[in-house]
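Single-structure report; data block below.
Residue numbers start from 1 in every chain, and the chains themselves are labelled A, B, ... in the order their sequence lines are given, proteins ahead of strands. Predicted, not measured: the structure shown is a model, and the values here were computed from it.
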Number of protein chains: 2
Amino acid sequence: MARPRATSATPNSPDPSAWPAFLLSQVGAHSAGRFADRLAPLGLKPPHAGILRALDRADGLSQQALGEALGTFPSRLVALLDELEERGLVERRDRPGDRRSYALHLTDAGREALQQLVRVARQHQDDLCAALDESEREQLAGYLRRIAEQQRLAPGIHPGWKLLGEGRSGKS
Amino acid sequence: MARPRATSATPNSPDPSAWPAFLLSQVGAHSAGRFADRLAPLGLKPPHAGILRALDRADGLSQQALGEALGTFPSRLVALLDELEERGLVERRDRPGDRRSYALHLTDAGREALQQLVRVARQHQDDLCAALDESEREQLAGYLRRIAEQQRLAPGIHPGWKLLGEGRSGKS
DNA sequence: TATTGTTATACTCTATAACTATA
DNA sequence: TATAGTTATAGAGTATAACAATA
């Protein structure tokens, strides 16, 4: 049904679906979806993973600060943290100085879950990139990192449309 | 940057957010979002673009066949086609043999919109890949195409989690 | 009055099931 | 009975505004 494949699928090919930008959207969505699939058996969803990672690197954050770091709205964080706290992976500790805000901490179970999570990410990675050898994967990662930098994407924040320096308040 | 392999952002780095799989999700979501931004002024959304492209390649499809080709539910297509028909870009023609189904056709305005769309895609492409030169873009596209093939992603269908040969039945 | 976390609300996208009109 | 298109509905995910407690 499709026309014969053009000789090369370069950016100048007549078929936009062969261009890098389209392929990026397509493969990127696939990667995100498959990662979510692998997370599901652990009872976690992608946003949970981001929170666990962030708290591992900076224990004791307030919800406000966490939201800032992740590009997540405070109201969304409430539900996500409720779920993580219910599963015993995160706790909201009272803060002595200021009784309005909590200090967020990973529990031991939370740190364990994080390790599982890294293992799962590695499996996902290996499966997704099965078509490429080691040096090709590095080259791919290099290209993607350069694009991410040039596009001013915040490192480690998944929702890709979130730009660096773009304030939460909408306009900057 | 002339560092040996295992140092910074390789697949074996301790920080998963530097691995290709994460970068793919992040940059891919960014690409999709920015493309949607560029489509908005034309009064179109990404799914509309897919429909216009599909009809250009195969005029006269039924809604059923179009949904099959795009991996879209029939019920979702109704609204999308309503919008396109209202804007005069697509028409549902009665089919002589079978009065249950329509034959979908691009109008002249639809073909014009498609050309605009390709121009917009090219701009998007140039902006997104500004960090890479021509030969690097081709290499990137090549890697992505190999991943897409190995992962059995259907060519040209955006929702990446849709696999070739996988039935329409969703899983929970 | 400003700030932290929370609740309530709305809007989009997507998926499922029920309905109609033909066949 | 089966099929094509449609309608209605429900569930995620996400953004916005109002609110209570505290500062």
Within the 4.0 Å heavy-atom criterion, would you say B:Arg95 contacts the bases, only the backbone, or no part of the nucleic acid?
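No contact.
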
Would you mind reading off the distance between [X] atom [atom1] and [N] atom [atom2], rounded to a whole angstrom?
X: A:Glu85; N: C:dG5; atom1: CD; atom2: P; answer: 13 Å
X: B:Leu39; N: C:dC13; atom1: CG; atom2: P; answer: 12 Å
X: B:Leu80; N: D:dG5; atom1: CG; atom2: P; answer: 14 Å
X: B:Gln64; N: D:dG5; atom1: CD; atom2: P; answer: 6 Å
X: B:Leu77; N: C:dT14; atom1: CG; atom2: P; answer: 12 Å
X: A:Asp94; N: D:dA21; atom1: CG; atom2: P; answer: 16 Å
X: A:Leu70; N: D:dA15; atom1: CG; atom2: C1'; answer: 17 Å
X: A:Leu66; N: C:dT4; atom1: CG; atom2: C1'; answer: 14 Å

Same hydrophobic cluster for [X] and [Y], using side-chain heavy-atom links shorter than 4.5 Å among ILVMFWY?
X: B:Leu104; Y: B:Val78; answer: no
X: B:Leu61; Y: B:Leu80; answer: yes
X: B:Phe22; Y: A:Leu39; answer: no

Would you kindly say whether [X] and [Y] are connected by a side-chain donor-acceptor distance under 3.5 Å?
X: B:Ser62; Y: B:Ser101; answer: no
X: B:Gln151; Y: A:Arg34; answer: no
X: B:Gln139; Y: A:Tyr143; answer: yes

Run the salt bridge (Lys or Arg N to Asp or Glu O under 4.0 Å) test against A:Asp127 and tell me which residues pass, sequence neighbours left out.
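Partners of A:Asp127 by the salt bridge (Lys or Arg N to Asp or Glu O under 4.0 Å) criterion, ordered by chain and then number, come out as A:Arg38.
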
Identify the stems formed by DNA chain D, where each pair is Watson-Crick or G-U wobble with both distances under 3.5 angstrom and a stem is at least 3 consecutive pairs.
C:1-23 with D:1-23

Hey, can you pull the residues of residues 48-62 of chain A with a non-hydrogen atom under 4.0 angstrom from DNA chain C?
A:Ser62

Please work out which residues in residues 98-106 of chain B have a non-hydrogen atom less than 4.0 Å from an atom of DNA chain C and list them by number.
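DNA chain C contact set from residues 98-106 of chain B: B:Asp98, B:Arg99, B:Arg100.
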
Side-chain donor/acceptor of B:Arg137 to backbone N/O of B:Leu132, under 3.5 Å:
yes

C:dT4 phosphate, OP1 or OP2, under 4.0 Å from A:Gln63 side-chain N/O:
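No.
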
Please test A:Asp108 against A:Arg111 for salt bridge (charged side-chain N to carboxylate O under 4.0 Å, His left out), starting from the C-alpha separation and ending with a verdict.
CA-CA 5 Å; A:Asp108 288 341; A:Arg111 268 178 291 275; 3.0 Å; yes

Pair A:Lys45-A:Glu83, salt bridge (charged side-chain N to carboxylate O under 4.0 Å, His left out): steps then yes or no
CA-CA 10 Å; A:Lys45 289 180 222 169; A:Glu83 289 155 7; 5.2 Å; no

Any N/O pairs under 3.5 Å between the protein and nucleotides 7-13 of chain D? List them or say none.
| from | atom 1 | to | atom 2 | distance (Å) |
| --- | --- | --- | --- | --- |
| D:dG13 | OP2 | A:Lys45 | NZ | 3.3 |

A:Arg99 atom CZ: more than 12 heavy-atom contacts under 6.0 Å:
no

Does A:His124 have any ring pair (Phe, Tyr, Trp, His ring centres under 6.0 Å) partners at least two apart in sequence or in another chain, and if so, which?
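Checked A:His124 against ring pair (Phe, Tyr, Trp, His ring centres under 6.0 Å); matches are A:Phe35.
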
Measuring from A:Ile51:CD1 to A:Leu89:CG, what's the distance to the nearest 0.5 Å?
10.5 Å

Are A:Pro20 and B:Glu138 close enough that some pair of their side-chain heavy atoms sits under 4.5 Å apart?
no

